[in-house]
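Contents: one structure, followed by commentary.
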Number of protein chains: 2
Amino acid sequence: MARKASRPEDGARQSTIREVAEHAGVSVATVSRILSGNYPASPATRSRVMRAVKELDYVANVHARALAGSKHKSIAIIVNSVISPHYAHVAQGVQTMAAEAGRLCQIGTTGGDAERELDMVRFMREQHPEAVILVGNVNADDEYRSRMSRYAHALEAIGSRLVLCGRPPLGPDVPAVVVECDYTGGAFAATSHLLSAGHRRILFLGQRPGYTTAEARIAGYRKALAAHGVPNDPDLEVDGTFERHEGYRMTRERLDAGTPDFTAVFACNDQIAAGARQALLERGLGVPDDVSMVGFDDLPPAMDIDLTTIYQPHEELGRTAVRLALEHAENGGPPPRTVLGTHLVIRGSVRPLLPAQR
Amino acid sequence: MARKASRPEDGARQSTIREVAEHAGVSVATVSRILSGNYPASPATRSRVMRAVKELDYVANVHARALAGSKHKSIAIIVNSVISPHYAHVAQGVQTMAAEAGRLCQIGTTGGDAERELDMVRFMREQHPEAVILVGNVNADDEYRSRMSRYAHALEAIGSRLVLCGRPPLGPDVPAVVVECDYTGGAFAATSHLLSAGHRRILFLGQRPGYTTAEARIAGYRKALAAHGVPNDPDLEVDGTFERHEGYRMTRERLDAGTPDFTAVFACNDQIAAGARQALLERGLGVPDDVSMVGFDDLPPAMDIDLTTIYQPHEELGRTAVRLALEHAENGGPPPRTVLGTHLVIRGSVRPLLPAQR
DNA sequence: ATTGTTTCCGTAACCGTTTCAAGGATTTCC
DNA sequence: GGAAATCCTTGAAACGGTTACGGAAACAAT
């Protein structure tokens, strides 16, 4: 109904603000103002416009709106993978908060590849979102830093902000909101827990030189060892990605190499722990009877395998990222920065080691 | 560099196509054509334009492009939750395929609420994506059907299409691409597997009247019972959502009610199975020693708890949804429809029942 | 040399909003 | 009663692209 006859088309079209204006007998400017924000308007006009909107089932075109107002209510999030539980939870937090704030949530994945992350940021920039949230694990080399720095400034130029979520700042020259999580503290607590139970040789699963989230954990691990006066044996730090099958592989290879030279395991996340556990069980080693274990994340697999682990506030990381970005967009000033904490969740995968066994 | 002096601002701006044109000494039309599609242009002009683009670090404004070309390269996906493994995998498939096709991926969650799903569709419509993909489990009442039908037509009107992924068509009057998955067949295979192992009293966990994904499964369950000549006992069909804690609750309540009157469990997904298993273990019932179990999904928890289950092609569902939508946008014609299969994955959670135990 | 084809490129009219300067209608004040 | 202030409302210029249409140049054919 009430389609402009002057523009005949085969398919129906979305009604425009002009049609609404015409229908209500006012100008487009009036419709625009009434619809966006509560601008002074006489009650009569307002209700006429509202009725026209209803009758035509009018929905504003966001692209026209974004173009004219140079602002698109949307938040972009870039993660390694949607499947990985940690990222999924962070994404859920972002999504929830974005929805609450009436923002569209745009998502992109990188597979953990720094190059693809950069391309994704570039791609997202075209969309002019209010914020681009970068989550997680990436190997930041110099080339990466310089490109990301360029992009950060480009984003700034279009009034969008970069948010680093669960990772440290990229440097003073890279404008970004930062929402960190205390991975070093978490790893310290995990390792201390094992040390307090008498363990001395603790396998570290998930070392990844260059990757901030792994490096933060190993720093905590080493710090705990030092605090307990236990010498650090680099041979106990095993390289691998944060996936289940990698946890399995790392442990398997270790066991294949000879008799176990460790009594406990600290896994960089629960997935790794689950894989490691499987490898141990296949070799007839029980958890915690033969080997104690602490994971990281406190996500689904942890409960199923009764894993003592470190909780990190996944969803809150996402929510905070959105909140701070939006606040910063509102208030301006230097980009805010915050650090969220972690804590130990005790289940049944750690057993005290008798003095004789040490 | 080369900023228009006539428009002085505090912050830097993104360069426009006009600036690129000026910089390259050609018209904006030429730049536009060279950038989008391979329009005939002399190599000299092309390279001049390309160089200008590089030098100005020009990125087209998608909103302007969408407005002028009335097309935005984007795909919207609406799921219950990003956290739920099944949805996460489907979303991963969508995201992957969308990225391959150079599309932006927009995501929204509903928490399994039909009302919120409708609102989300409405919201997504404002963004003019090429497709809106609806995944999963929702209670479709008449009110829902009628609103969704309206939205489907509204989407059609703006050249966008609705995609139903992992759920049946809504009716002949609702234009939509449909990518189903054979849940009935999967449930039939699962139940048959248990029946063949001699089980007769099989608990069905996850009944949800009105929810298509649950109803498809129970249809398969009943069909298998009938095929084996086993009478259907409605009392064995337990209501609950598809979450781990619900699996725990349903089983717990069952066990609390008296001595177990079943020898096997079919869980509507692996999460439910994991929760059920925990409840059984807490009561001293082993899987599969005391109770056999088959799940659905073949996702992470399945491997950890050595669960025999039904595989469904999660990511492929997502990929297919995007592919069909894009193909349909290209070719037109009636909306395509397809059904993907499932298959049994045998692990160690089912044990044959001795004839004496039946 | 004229005409017809091709090929490449430019002009300008949109796309659907927002927003600003300015206009008309009331009310308020002296 | 007229000027000033106030309140709503409007026309029109952006915003940054795409694209229909047409012109100019280059080349081939007559």
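Residue numbering restarts at 1 for every chain, and letters A, B, ... go by the order of the sequence lines.
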For [X] and [N], what is the distance between atoms [atom1] and [atom2] respectively, to the nearest whole Å?
X      : N      : atom1 : atom2 : result
B:Q127 : C:dG16 : CD    : P     : 16 Å
B:L35  : D:dT18 : CG    : C1'   : 12 Å
B:L67  : D:dT18 : CG    : P     : 11 Å

When you measure only distances, ignoring hydrogens and angles, does the side chain of B:R18 come within 3.5 Å of the base of D:dG17 through a donor and an acceptor? yes
Can you identify which nucleotide, out of [options], has its nearest atom closest to the [X] side chain?
X     : options                : answer
B:I17 : D:dT9, C:dG16, D:dG17  : D:dG17
A:S27 : D:dG11, C:dT17, D:dG17 : D:dG11
A:T30 : C:dG16, C:dT11, D:dT10 : D:dT10

Looking only at non-hydrogen atoms, find the nearest pair between B:A76 and B:M124 and report the distance. CB-SD, 3.7 Å
Please work out if B:V62 contacts a base, only the sugar-phosphate, or nothing of the nucleic acid, heavy-atom cut-off 4.0 Å. nothing
On DNA chain C, check which nucleotide each of B:V28 and B:A64 is closest to and give me the residue with the more 5' one. B:V28
For a quick check under 3.5 Å, do A:Y58 and A:E19 share a side-chain donor-acceptor pair by atom type? no
Decide whether B:H72 and A:H63 meet the rule of one side-chain donor and one side-chain acceptor closer than 3.5 Å. yes
Pairwise side-chain contact, B:V121 with B:R125, heavy-atom cut-off 4.5 Å (strictly under): no
